[in-house]
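As structure tokens, the structure follows; a few thoughts come after it.
Not measured: the values here are computed from a predicted model. Sequential numbering from 1 along the given sequence is applied to the chain's residues.
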Amino acid sequence: MAELSLKLRQHQVHADASRAHLTVLAGEPSSHPVSPFITGKFCEHLGRNIVNGHLAQILHNATFATEEFHDGRMTPDGRISLRNDPDTIAGIIKGRATAMGCPESVGEALVAAFRQGLACGWLREGTPETVRVSPDTGPNGGRAQRLELSAAGAGIAQWTPLPLHRVRRFQVRVVARSVGVPSVKVSLYAGDGKQPLSQATVSGLTGEWSALQAELEMPETAAKDALYRFTVTADSPGQVVLGRVLLLPADHVGGCDPDVIRFLKESRLPLLRWPGGNFVSGYQWEQGIGPQDLRPSVTNVAWGSVEPNLFGTDEFIAFCRAVGCEPMICVNGGDGTPEEAARWVEYCNGAANTPMGSLRARNGHPEPYGVHHWEVGNELWGNWQVHWTTPHGYVDRYHRFSKAMLQADPSIKLYACGAPVFWGQDWNDALVSGASHDLPATTDHPLIGGPTPGSTDPLDVYRDFVGVPEVLQRLWTNLHNQMEAEGIATPELAVTELQLFAHLAPPAEGAPVTLTREVLVTPATHCEALYDRLLYHTAVRLAPFVKVITHSATVNHGGGLRKERERVYANPCHYSQALFNDFAGARPVPVRLECATAQMPLVLGDVKALWKNDRAGINKVGEEARTYATVDALAAVAKDGSLLLSLVNRGEGAQELTIDLQGFTPGAEAHVDLLTAPKPWSANTLEAPEAIVPVSSALQVLDGKLTLSLPAWSVAQVRVLAGG
């Protein structure tokens with residue numbers, strides 16, 4: 001049994017909070033290289049993560065589907081409960097228009113059109129007299145949109161931003177049939193302008209369903225950051241039934257946003273988990289393969305709104321290949337079946353002469369995808385999952401799913417659905433004892449934070465978060481030892497969702513409000529960059545137990561990338577993750593650290609609950625369990641022979657760090673990348689997308705020593721080249 005790498009860091013308390021010392025023992029490399037998969041990401045069909053995130057398709061509700069509005073509650077079976085209050089729904093629709101920057105009149109028109117039978121997100125181009133609307137049925141079932149038009153030039157419209165900073169040409173795809181309308185025009189106007197800036201005719205409409213295409217090109221004079229009105233209008237009176245209208249920038253990559261792909265590719269993303277998340281517990285994967293025009297739009301039963309099935313298995317694999325990362329698929333362990341999961345494995349990995357491999361080949365992909373990483377269900381311990389279950393109920397499911405999936409491909413790596421170590425002891429006990437004979441790896445979702453009163457000091461929230469990695473190291477070590485005790489020879493843990501997760505709670509009666517959204521650390525803020533980096537350190541120290549982390553998430557969900565008004569920019573944590581990819585395959589070496597300490601104040605709801613319940617024996621450790629070194633450090637020898645240092649100053653003042661290199665002959669200079677911010681809750685924004693980015697500099701190495709000034713709440717990465 002492999003010994004964990006816990007001895008990689010030794011800490012001695014230094015009373016001076018402004019100074020720290022680090023000794024690197026470079027001549028004692030670990031036998032466990034840094035896993036390349038601890039800087040992975042996670043994506044899910046939630047909000048604008050996939051739709052209007054990964055996908056380049058610009059329009060809202062491009063398939064004219066029925067949009068359901070989640071009321072924040074779940075049914076007993078774990079499906080969304082739906083809103084039915086017209087005023088609340090109207091407020092949501094108008095709020096979307098306001099957030100986009102539309103005039104108030106557009107929001108009002110959207111609500112009126114929705115109430116009269118037009119698909120959510122669309123409005124009339126014309127009057128109620130010239131544009132009569134009703135729901136209809138698409139070519140393969142599902143909702144389509146009927147337009148009864150009494151005048152040429154009447155139709156429907158949608159206000160939208162365009163990625164004109166990058167591209168001027170756009171592709172339009174219309175799936176439609178008509179009665180008496182042989183052609184329609186697709187146009188782009190400047191807001192409420194009267195003359196089109198670009199227009200094309202889509203000809204060939206008949207009484208049968210057909211897919212037609214056109215191209216629009218915007219003039220160079222069109223403003224990059226304005227809102228535009230996209231319209232579909234008839235050339236003559238009659239009826240048109242629209243199944244879908246897609247608007248894509250001409251530079252899309254397999255239907256996906258090239259800026260999203262560029263950011264992830266440049267970051268050297270190693271692994272991407274998909275399709276959920278809560279979404280997967282109700283996902284029917286076979287609805288998302290084959291020709292896109294034939295795929296149904298359905299209700300997203302985990303999050304509400306529309307799932308248009310434009311991004312399925314084949315698109316996910318293509319996205320991973322464009323980025324250069326490995327895929328990880330989480331199967332539907334909720335209302336899915338073992339047989340359905342086995343078909344998914346065979347679709348991805350089976351030869352072209354197998355039933356599902358043959359289907360993949362007919363869909364244009366003759367070679368197997370070779371997906372190695374498979375997770376058996378998501379958070380099935382939570383009653384917000386479709387067909388959630390009990391601890392022993394999951395053990396039963398895991399046995400059935402693993403048997404079926406391994407029969408489809410015995411070479412795949414399975415990950416069982418573990419419960420968070422912060423509170424899921426009962427679930428994990430049942431899993432580890434009940435499935436030990438076929439349990440190679442389990443998972444954790446440390447989405448830690450919980451309710452935090454508005455009277456809390458914002459820095460106390462930060463102080464709790466930067467201490468959490470030390471607590472998780474203890475809890476994960478306990479889990480490792482438990483798995484070993486049950487006879488699992490090489491236990492593994494995959495952290496398949498990770499992000500800060502604090503939520504505002506009302507302050508105590510009469511207490512002042514000190515914690516607001518503006519000063520709450522979130523995944524978009526700089527604190528996430530420090531938090532993630534500290535957990536990468538933890539994963540390395542727990543090698544070979546923790547080999548996978550898929551951070552939440554890629555776009556517009558958790559921390560990573562943001563896409564607003566068709567522009568993509570990065571959160572600070574994206575840069576921290578990208579830099580740490582230098583460590584992949586490097587050999588960690590021990591460090592001795594002397595620095596001051598700080599304590600977790602125990603203000604986060606989840607942290608307070610852990611200490612109160614103490615299921616994991618935290619309180620038996622005493623004050624040490626809530627104490628952390630203000631500086632954390634990880635060192636490793638890279639494949640090219642250089643020495644890498646990952647440094648985090650989680651203290652609240654600058655620290656002068658002296659570094660003594662032992663067992664390593666350095667060159668004369670080191671390269672430093674420093675990521676820092678004015679406050680832990682500072683963030684990049686659409687207006688200032690690069691306010692927080694790494695700053696590079698050179699550092700002199702004298703007599704095997706370096707001196708580096710670490711600002712408060714900063715991440716520094718140092719590469720010291722080997723000397724001659």
Side-chain angles (χ1 to χ4, degrees), residues 43-45 50-51 54-55 57 63 65 138-142 173 175 209-211 243-244 246 253-256 272-276 279-298 300-301 307-323 325-378 400-414:
C43 60
E44 180 179 6
H45 298 248
I50 299 295
V51 176
H54 279 223
L55 290 174
Q57 199 289 124
T63 59
N140 296 285
R173 183 175 182 83
V175 176
W209 288 102
S210 56
R244 60 185 55 199
L246 308 180
V253 179
C256 290
L272 183 59
R273 173 186 184 245
W274 170 86
F279 172 78
V280 77
S281 294
Y283 179 52
Q284 309 305 311
W285 74 270
E286 286 158 311
Q287 294 179 340
I289 59 173
Q292 286 189 349
D293 290 343
L294 302 183
R295 300 179 192 175
S297 290
V298 297
N300 184 326
V301 297
E307 172 47 50
N309 278 309
L310 296 174
F311 189 90
T313 302
D314 300 310
E315 289 80 16
F316 170 63
I317 298 297
F319 184 87
C320 289
R321 290 179 174 175
V323 168
C325 66
E326 282 200 38
M328 180 180 196
I329 291 179
C330 181
V331 302
N332 180 354
D335 68 1
T337 66
E339 295 75 22
E340 179 187 0
R343 291 197 301 272
W344 204 352
V345 172
E346 186 176 277
Y347 184 85
C348 290
N349 296 352
N353 62 357
T354 63
M356 298 307 295
S358 173
L359 177 58
R360 183 195 64 243
R362 293 197 300 275
N363 287 337
H365 310 281
E367 295 301 317
Y369 290 143
V371 179
H372 181 62
H373 303 275
W374 293 83
E375 190 174 357
V376 184
N378 176 81
R400 297 174 66 239
F401 273 76
S402 62
K403 179 181 179 181
M405 294 169 71
L406 289 169
Q407 282 179 344
D409 182 354
S411 71
I412 62 175
K413 176 66 172 291
L414 292 181

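- Proximity of Leu272 to Val323: side-chain heavy atoms (C-beta onward) are nowhere separated by under 4.5 Å.
- Here the side chains of Cys43 and Phe319 are not in contact, with every heavy-atom distance at 4.5 Å or above.
- How far SG of Cys256 is from CG of Leu55: 5.5 Å, rounded to the nearest 0.5 Å.
- A distance of 9.5 Å separates NE2 of His372 from CG of Asp409, quoted to the nearest 0.5 Å.
- Summarising the geometry of Tyr283 relative to Gly288, their closest heavy-atom pair is OH-CA, 4.1 Å, with the distance given to 0.1 Å.
- Minimum heavy-atom separation, Asp314 to His365: OD1-CD2, 3.5 Å.
- Between Pro275 and Phe316 the shortest side-chain heavy-atom distance does not fall below 4.5 Å.
- For the pair Gly370 and Asn349, the tightest heavy-atom approach, listed with the atom from each and the gap, is N-OD1, 3.1 Å.
- Side chain of Glu346 to main chain of Ala408: no donor-acceptor pair is present (N/O by atom type, distance under 3.5 Å, no hydrogens or angles).
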| request: Kindly indicate, with the supporting measurements, whether the criterion side-chain contact (heavy atoms from CB on, under 4.5 Å) is fulfilled by Gln57 and Phe311. | output: CA-CA 11 Å; Gln57 199 289 124; Phe311 189 90; over 6 Å; no

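- Between Val51 and Leu310 there is no side-chain heavy-atom pair separated by less than 4.5 Å.
- Residues Asn309 and Thr63 have side chains not in contact (no heavy-atom distance under 4.5 Å, counting atoms from C-beta outward).
- The shortest heavy-atom contact between Gly350 and Pro368 is O-CG, 3.6 Å.
- Residues Pro139 and Leu294 are not in side-chain contact: their nearest non-hydrogen atoms beyond the backbone lie 4.5 Å or more apart.
- Considering every non-hydrogen atom in both Met328 and Glu375, the closest pair reads CE-OE1, 4.1 Å.
- Put simply, the side chain of Glu44 gets close to the backbone of Phe279: a donor and an acceptor are under 3.5 Å apart.
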| task | For Trp374 and Cys348, run side-chain contact (heavy atoms from CB on, under 4.5 Å): C-alpha distance rounded to whole Å, both residues' side-chain angles, the deciding distance at 0.1 Å, then the answer. | result | CA-CA 11 Å; Trp374 293 83; Cys348 290; 3.9 Å; yes

| query | Hey, mind stepping through Ser281 and Asp335 against side-chain contact (heavy atoms from CB on, under 4.5 Å) and telling me if it holds? | reply | CA-CA 6 Å; Ser281 294; Asp335 68 1; over 6 Å; no

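- Partners of Phe401 under the ring-ring contact (aromatic ring centres under 6.0 Å, His included) rule, at least two apart in sequence or in another chain, do not exist in this structure.
- Side-chain atoms of Asp293 never come within 3.5 Å of backbone atoms of Val175 as a donor-acceptor pair (strictly under, hydrogens ignored).
- Remark: of the listed residues Trp285, Tyr347, Trp344, Trp344 is the sole one forming a side-chain hydrogen bond (donor to acceptor under 3.5 Å, both in side chains) with Thr313.
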| task | Any chance you could lay out the side-chain contact (heavy atoms from CB on, under 4.5 Å) test for Glu307 and Gln284, step after step, and finish with the verdict? | result | CA-CA 11 Å; Glu307 172 47 50; Gln284 309 305 311; over 6 Å; no

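- Partners of Glu315 by salt bridge (charged side-chain N to carboxylate O under 4.0 Å, His left out), not counting sequence neighbours, listed by chain and number: Arg295.
- Put simply, the side chain of Arg273 never gets that close to the backbone of Ile329: no donor and acceptor are under 3.5 Å apart.
- The line from CZ of Arg321 to CD of Glu326 is 11.0 Å long, rounded to the nearest 0.5 Å.
- Residues Asn378 and Gly276 share a closest heavy-atom pair of OD1-C, 4.2 Å.
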